[in-house]
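Scroll down for the structure; my scribbles are underneath it.
Sequence lines set the chain letters: A, B, ... in the order given, protein chains first and strands last, and positions in each chain run from 1.
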Amino acid sequence: MSQELMKKVVSLCKRRGFVYQSSEIYGGLKSAYDYGPLGVELKRNLMNAWWRDMVHRREDVVGLDASIIMHPRVWEASGHLAGFSDPLVDCLVCKERFRADKAPQLAAGQPAVLSFPDKGVAKRMHEQIEKQQELALERKGTELHGATAGDRGYVCPNCGSPWLSEERQFNLMFKSSLGATDPLGDVASAIEAGGLEGLSGRELRSKLEELTKPSAVYLRPETAQAMFVQFQNVLQSMAIKIPFGIAQMGKSFRNEITVEHFIFRSTEFEQMEMEFFCEPGTDDEWLAYWKEARIAWWRKFSNDPDKFKLRPHEPEELAHYAKGCFDIEYDYPWGWGELEGIANRTDYDLQKHAKHSGTKLDYFDPTDNKRFVPYVIEPAAGATRGVLVYLIDAYTEEEVATPRGTTETRVLLKLHPQLAPIKVAVLPLTKKDGMPELARQVVDRFFERGINAKYDEQHAIGKRYRRHDEIGTPWALTIDHESLSDGTLTIRDRDTMEQRRISIDGAVDEIERLLRVG
RNA sequence: GCGGGAGUAGCUCAGUGGUAGAGCGCGACCUUGCCAAGGUCGAAGUCGCGGGUUCAAAUCCCGUCUCCCGCUCCA
C-alpha cells in the first residue's frame, strides 16, 4: 500500500516534469536526480520560503553563500576527514553488515555462541558453517556452540558469528584535486623514480596519499562548517550581537554507503542549515525554541501535520560533540525518517577551528565586559528531503462522480499554494469567440506582477482542470462567454473544485490575496 | 558493498525461441462547450547496455548499469 504510494509519486514526478533520473539516456547515474521544470519551481519555492522565514523575517539571522570547496584543513578541524571513514565488516554467516567499533567485544579464544531466529535457520547455518569452515559445531535448539572468537576481538552483532570479512574503510567525502596539473603526474614520477618499490599495501597507500595530498580538496559534506569558519567575518562586518544566526542553503555531497528511497538519500543533496550562536547557559532554551519553531514551520505547509514529529536523541545516540539533539521526523511511506536535525553543538566547532586555524573565534560582550566562545544551536534541514515530503504529503486520490453517472479517480497534488510550481492556470473555455485573446491578456497581467501563471487551451476544459490538479496548481481562472460581455471570469479551487465569479480586473489582486492567506 | 526482486512506447503493464503489443497519455482534425466526453487519423520502442548460444533471442547463458526492498550510515 505505502510502497504503492511511493511508486505513484515517483511516476508522477517523471510524467509531469518534477524529477527525472540523471543522465537517463546513458543508463542513469546512481543516486543522481534532476529537477525538471516543475520540480525546480517546487524546490525553489520551498527554499525561498525557508530563507524568507529564517532570514528576511528575522533581525537576528543573516545569510551566507560559501564555496562548496573549502580549505582541506576545514575538514581536518571538523573531524570529517577522520570520522567519515568508518571501518565496516560483513558477517560471512548471516551476511549482516555492521560497524566494527559498535560490535559486541569478545576476546580472542573466548567461546562464541551463535544464535538464530529459529531452528530451521540454525540447522541450515550449521551445515553451511561446517562445510565452509571444516569445523564441527554442536547445535542446541536455535544456538550453535563450539566456535571461538578470533583475533579481531569482536563478533557479529546479529548472529554472534566470529567469521567476518575484512574491515573496509568507507571514504564518505568526495575527493577532488585543485589545480590544473594532474596529481597522478606526481605519482607517475614517483613510480618512475622507483620510490614506490617494495612497499606493503598499507605503506603504498599512505605514500600515494602523501603524493596527492598537496592538491587534495573535498566537496563539502555539509554546509555548516562555512558558518563557523566565517563566524568572525560575519560578526565584524555586520555589527551584529549575540544571540544571532548565520543561515545557508546549498548543495552538499556524501558518498553514502547506501542510497535509497528516490531523492530521500542521495550522494548529492541540498541543505538548509542555520548556525545560531548564543551565550553558554542559554543554549538549552534556544534548543527548545528552535525545535518548536522548526517543526511548526514544516507543519505550516502540510495537509497532515500529525505526520511530523520531534524525536529526542537518546544519550548514546548523540554525536560526540552534541549536548542535545532533536530530529524532526516525517512518516514516509516506508516509515518514520529524518527530515531535519536540531542539535546543540556546544562550542565544539568554534573551539576546533580556533585551535586548528590559530584564530580567536570568540565573542566579546560589551554590556558586561565578558568574553566567551559561543554555543551553537543548529537546525539542519534537508531541502531535497523537504521536496519529497511535500510531494508525498500532497499526493491525493479521490473518487469523483462524472456527468455520465460513473465515478473515476481524481489525482491531485494538494501542495500549499506558496509551494505550488504554477500558481494559477488561465483557461479559455473554448478556442473561439475571442476567449483565447482575452485569456492571454489576463495571463500577461500575472506575468507583469511576477506570478507564475500558465495559459492553457489544449483539450477540453475538464481535462485541463484535471491536468492542473495533478501538478498542484491551486487555482484555475476560466474565461467563458460571460467574460466577453461582463468582464468577469470564474475562479476554481483545486481542492474543492468549487467555482465563483470575480472581476477580471480584480483577478491578480485576488490571487495575491489568496497566496498570502494560504 | 552483501542478500533478494525488477528493467519492453512518455506512464502502467502484457508478451517464455519464430514479423514488438494494449490501456492511458501525446499530436492533428471533426463534434461538444465547466470537470480526464465521443469520433477519425497519426507520431512514438537502441525490448537498460555489452557479449555469448542458436537458422532465429525481448524470451536462454554470462557480464555490466540502473531502480526497488532489507542490513548499515546520514540532512
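Listed by chain and residue number, A:Val217 satisfy the side-chain contact (heavy atoms from CB on, under 4.5 Å) test with A:Ser176 (two or more places apart in sequence, or in another chain). Remark: A:Val55 engages A:Trp51, A:Val61, A:Ala247 in a side-chain contact (heavy atoms from CB on, under 4.5 Å) (not counting sequence neighbours). Under the rule for a side-chain contact (heavy atoms from CB on, under 4.5 Å), the partners of A:Asn48 that lie at least two apart in sequence or sit in another chain are A:Arg44. For A:Ser485, the side-chain contact (heavy atoms from CB on, under 4.5 Å) test picks out no residue, with sequence neighbours left out. For A:Lys43, the salt bridge (Lys or Arg N to Asp or Glu O under 4.0 Å) partners two or more places apart in sequence, or in a different chain, are A:Glu270. A search for ring pair (Phe, Tyr, Trp, His ring centres under 6.0 Å) contacts involving A:Phe308 returns A:Tyr330, not counting sequence neighbours.
Taking atom P on both B:C49 and B:A57, the two are 15 Å apart, rounded to the nearest angstrom. Here the separation of B:G7 from B:U12, taken at their P atoms, is 12 Å to the nearest Å. Across the C1' atoms, B:A36 and B:G52 are found 48 Å apart, a figure rounded to whole Å. Across the C1' atoms, B:G1 and B:U72 are found 10 Å apart, a figure rounded to whole Å. One P atom belongs to B:A58, the other to B:C71, and the distance between them is 38 Å to the nearest Å. Spacing between B:U53 and B:U59 at atom C1', rounded to whole Å, works out to 13 Å. Going from the C1' atom of B:G48 to that of B:A43 covers 23 Å, rounded to whole Å. Comparing B:U19 with B:C47, their P atoms are spaced 15 Å from each other, to the whole Å.
Contact of the A:Leu12 side chain with the A:Arg15 side chain is registered, since non-hydrogen atoms from C-beta on lie closer than 4.5 Å. Counting only heavy atoms from C-beta outward, the side chains of A:Ile392 and A:Pro333 approach each other to under 4.5 Å. Residues A:Leu438 and A:Ser483 form a side-chain contact, since some pair of their non-hydrogen atoms from C-beta on lies under 4.5 Å apart.
In terms of polar N and O atoms assigned as donor or acceptor, the side chain of A:Arg492 comes within less than 3.5 Å of the base of B:C35 in a complementary pairing. Between the side chain of A:Arg464 and the base of B:C34, no donor-acceptor pair of N or O atoms lies under 3.5 Å. Counting distance only, with no hydrogens placed and no angle test, the side-chain atoms of A:Glu338 and the base atoms of B:C74 include no donor-acceptor pair under 3.5 Å.
Residue contacts shown for A:Thr490 include a base, since a base heavy atom lies under 4.0 Å away. A:Gln21 comes within 4.0 angstrom of sugar-phosphate atoms only, judged by non-hydrogen atoms across all strands, and of no base. Within the nucleic acid shown, A:Ser11 comes within 4.0 Å of sugar-phosphate atoms alone, with no base atom in reach, counting heavy atoms only. Counting any heavy atom pair closer than 4.0 Å across all strands shown, A:Leu339 reaches sugar-phosphate atoms only and no base atom.
With hydrogens and angles left out, the side-chain atoms of A:Thr223 and A:Glu273 include a donor and acceptor closer than 3.5 Å.
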Within the sub-3.5 Å range, which N or O atoms of nucleotides 21-32 of chain B have a protein N or O partner, and how far apart are they?
unit_1 : atom_1 : unit_2   : atom_2 : d
B:C26  : OP1    : A:Arg467 : NH1    : 2.9
B:G27  : OP2    : A:His459 : NE2    : 2.8

Nucleotide N/O of nucleotides 39-47 of chain B paired with protein N/O under 3.5 Å:
none

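Counting only residues at least two apart or in different chains, salt bridge (Lys or Arg N to Asp or Glu O under 4.0 Å) contacts with residues 286-297 of chain A comprise A:Arg294-A:Glu340.
With a cut-off of 3.5 Å on both Watson-Crick or G-U wobble distances, the partner of B:C26 is given as B:G42. With a 3.5 Å ceiling on both atom-pair distances, the Watson-Crick or G-U wobble partner of B:A6 is B:U66. The partner of B:C47, taking Watson-Crick or G-U wobble pairs whose two distances both stay under 3.5 Å, does not exist in any strand shown.
Within a heavy-atom distance below 4.0 Å of RNA chain B, the residues of residues 263-273 of chain A found are A:Phe264, A:Arg265, A:Ser266, A:Phe269, A:Gln271. Listed by residue number, the members of residues 472-484 of chain A with any heavy atom below 4.0 angstrom from RNA chain B are A:Thr478, A:Asp480.
Closest to the A:Glu260 side chain, of the nucleotides B:A75, B:U72, B:C67, is B:U72. When the nucleotides B:U66, B:C34, B:C35 are ranked by their closest atom to the side chain of A:Ile461, B:C34 comes out on top.
The backbone N or O of A:Met70 sits nowhere less than 3.5 Å from a side-chain atom of A:Arg220 that would complete a donor-acceptor pair.
For the pair A:His261 and B:C67, the criterion of a side-chain N or O lying under 4.0 Å from OP1 or OP2 is not met.
Along RNA chain B, the nucleotide closest to A:Gly382 and the one closest to A:Lys30 are compared, and the more 5′ of them pairs with A:Lys30.
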Side chains of residues 30-37 of chain A: which donor-acceptor pairs under 3.5 Å do they make with residues two or more places apart or in other chains?
unit_1  : atom_1 : unit_2   : atom_2 : d
A:Ser31 : OG     : A:Thr267 : N      : 3.0

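Under a 4.0 Å N-O distance rule, the pair A:Asp469/A:Arg492 qualifies as a salt bridge.
Within the model, atoms CG of A:Leu219 and CD1 of A:Ile69 stand 5.5 Å from one another, a figure rounded to the nearest 0.5 Å.
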